[in-house]
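The chains referred to below are lettered A, B, ... by the order of the sequence lines, with proteins before strands, and numbering in each begins at 1. Here the structure is a predicted model, which is why all the values come from computation and not from measurement.
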There are 2 protein chains.
Amino acid sequence: MGVTKTEIFTDHQNRVAELAKAFAHPARVAILQLLAERKACVCGDLVDELPLAQATVSQHLKELKRIGIIKGDIDPPRVCYCINEPVWEEARTLFGNVLDAFISSPTCC
Amino acid sequence: MGVTKTEIFTDHQNRVAELAKAFAHPARVAILQLLAERKACVCGDLVDELPLAQATVSQHLKELKRIGIIKGDIDPPRVCYCINEPVWEEARTLFGNVLDAFISSPTCC
DNA sequence: TTACTTTATCGTATTATTGCGATGAATTAA
DNA sequence: TTAATTCATCGCAATAATACGATAAAGTAA
């Protein structure tokens, strides 16, 4: 069928999965790193820094905006992108939730 | 083309993406949570706890094993699964690396 | 041996993702 | 007005991912 059954999982699980998707492609990791490491917005030169076609970069940016982890401010004819801090913190919190839930045990395999 | 160009990204970026993929589907988040919250291994009853077919769960487990974040010990006819601690820590470290690289700035959009 | 249990794999259908050339939209500059 | 710039979107092609029924594989128990 090929369709993820989101309705059978919790909102928390679905949101973790969606935020993880933001980091689940190396191009998006690269974009997020470029945006995170700068104090100012990045106006479009993302295409120059990535060895991908402009259309492809735009598509990744669209996906990141859909998830909410970045935002774009229009400054014609450019668009300035930056990290959307509340969602970045949400990712930190949710990933932390999941990763900290692990309890190590010597009786395990 | 539909093929991720892994060769044009750094090893770090590719590994972050691969580890993120482990968390990028709600069923895998659910599996990882079940394994993380238990001190002992989980022998197969994952299928009973997830509203997915046995084949589907097995496929997700295979993907998680491929990434390395879980391991399975054969205890015929069962297989006991648990978190692979070093890789779990790797995920914590790499996600931390990326998430902590963000520098908030009031001059940003 | 013959069931039975448990898990993995195969085959298939369907949808999602990745990538890019071409084009469109919106603004600026000449 | 006419380019030029910048980014988004469209359309297409190809691969990846999701899901599940059916079957195979590997062991135990009778």
Side-chain angles (χ1 to χ4, degrees), chain A residues 1-9 13-14 17-32 34-35 41-67 70-82 109, chain B residues 1-9 13-14 17-32 34-35 41-67 70-82 109:
Chain A
M1 308 216 165
V3 173
T4 297
K5 298 179 158 182
T6 57
E7 72 280 2
I8 63 178
F9 299 104
Q13 287 163 343
N14 282 315
E18 187 158 63
L19 287 170
K21 218 176 266 185
F23 296 89
H25 189 285
R28 292 197 291 271
V29 173
I31 290 172
L32 292 171
L34 285 167
L35 295 181
C41 288
V42 175
C43 291
D45 30 317
L46 288 168
V47 175
D48 299 327
E49 310 220 31
L50 297 171
L52 290 171
Q54 183 263 329
T56 305
V57 175
S58 190
Q59 205 166 353
H60 282 302
L61 289 168
K62 185 182 180 184
E63 176 66 5
L64 292 172
K65 271 194 285 189
R66 189 190 63 75
I67 294 169
I70 69 169
K71 54 184 177 177
D73 255 35
I74 296 171
D75 176 26
R78 298 161 199 278
V79 178
C80 290
Y81 293 100
C82 61
C109 50
Chain B
M1 308 214 168
V3 174
T4 297
K5 297 179 158 183
T6 56
E7 71 281 3
I8 63 177
F9 299 103
Q13 288 164 342
N14 282 316
E18 188 158 62
L19 287 170
K21 217 175 268 183
F23 295 90
H25 189 286
R28 291 197 292 271
V29 173
I31 290 171
L32 291 171
L34 285 167
L35 295 181
C41 288
V42 175
C43 291
D45 29 318
L46 288 167
V47 176
D48 299 327
E49 309 219 32
L50 296 171
L52 291 171
Q54 183 265 328
T56 305
V57 174
S58 189
Q59 207 165 352
H60 282 302
L61 289 169
K62 186 181 177 184
E63 176 67 5
L64 292 172
K65 271 193 286 188
R66 189 191 62 76
I67 294 169
I70 68 169
K71 53 184 175 177
D73 253 36
I74 297 172
D75 176 24
R78 297 161 199 278
V79 178
C80 290
Y81 292 101
C82 61
C109 51

Is it true that, when you exclude B:Lys65 itself, more than 12 heavy atoms of the residues, nucleotides or ligands shown sit nearer than 6.0 Å to its NZ? yes
Got a sec: does the CD1 of B:Ile74 have more than 12 other heavy atoms crowding it under 6.0 Å? no
Looking at residues at least two apart in the chain, or sitting in another chain, which of them share a side-chain hydrogen bond (donor to acceptor under 3.5 Å, both in side chains) with B:Glu49? B:Arg38
[X] side chain: which of [options] is closest?
{"X": "B:Ala55", "options": "C:dC20, C:dT9, C:dT7", "answer": "C:dT9"}
{"X": "B:Leu52", "options": "C:dC20, D:dC20, D:dC7", "answer": "D:dC20"}
{"X": "A:Arg78", "options": "C:dT7, C:dC20, D:dT6", "answer": "D:dT6"}

Under 4.0 Å, heavy atoms only, any strand: does B:Gln59 hit a base, just the sugar-phosphate, or nothing? base
The criterion is salt bridge (Lys or Arg N to Asp or Glu O under 4.0 Å); which residues satisfy it with B:Glu18, sequence neighbours excluded? B:Arg15, B:Arg66
Is a donor on one side and an acceptor on the other found under 3.5 Å between the side chain of B:Asp73 and the backbone of B:Cys80? no
For [N], does either OP1 or OP2 sit under 4.0 Å from a side-chain N or O belonging to [X]?
{"X": "B:Ser58", "N": "C:dA8", "value": "yes"}
{"X": "B:Tyr81", "N": "C:dA8", "value": "yes"}
{"X": "B:Thr56", "N": "D:dC20", "value": "yes"}
{"X": "A:Lys65", "N": "D:dA8", "value": "yes"}
{"X": "B:His60", "N": "D:dA17", "value": "no"}

Euclidean distance, atom [atom1] of residue [X] to atom [atom2] of [N] [Å, nearest integer]:
{"X": "A:Glu49", "N": "D:dC7", "atom1": "CD", "atom2": "P", "value": "13 Å"}
{"X": "B:Ile8", "N": "C:dT18", "atom1": "CD1", "atom2": "P", "value": "13 Å"}
{"X": "A:Asp45", "N": "D:dT5", "atom1": "CG", "atom2": "C1'", "value": "14 Å"}
{"X": "A:Ile74", "N": "D:dA8", "atom1": "CD1", "atom2": "C1'", "value": "10 Å"}
{"X": "A:Ile70", "N": "D:dC7", "atom1": "CD1", "atom2": "P", "value": "13 Å"}
{"X": "B:Arg66", "N": "D:dA16", "atom1": "CZ", "atom2": "P", "value": "11 Å"}
{"X": "A:Leu46", "N": "D:dT6", "atom1": "CG", "atom2": "P", "value": "13 Å"}
{"X": "B:Lys62", "N": "D:dA19", "atom1": "NZ", "atom2": "C1'", "value": "15 Å"}

Throw together a table of side-chain donor-acceptor distances under 3.5 angstrom for residues 50-60 of chain B, partners on residues two or more places apart or in other chains.
unit_1, atom_1, unit_2, atom_2, d
B:His60, ND1, B:Arg28, NH1, 3.2

Footprint string (nucleotides 23-30 of chain C, 5' to 3'): B base within contact, S backbone only, - free, heavy atoms under 4.0 Å: ----SS--
Members of residues 18-31 of chain A that approach DNA chain D, where some heavy atom sits under 4.0 Å away: none
Axis bend over the full length of the helix from C:dT1-D:dA30 to C:dA30-D:dT1, computed from five pairs that close each end, to 10 degrees: 10°
I'd like to check B:Tyr81 versus B:Leu61 (side-chain heavy atoms, cut-off strictly below 4.5 Å). Are they in contact? yes
Run the side-chain contact (heavy atoms from CB on, under 4.5 Å) check on A:Phe23 and B:Lys21 step by step: do they pass? CA-CA 8 Å; A:Phe23 296 89; B:Lys21 217 175 268 183; over 6 Å; no
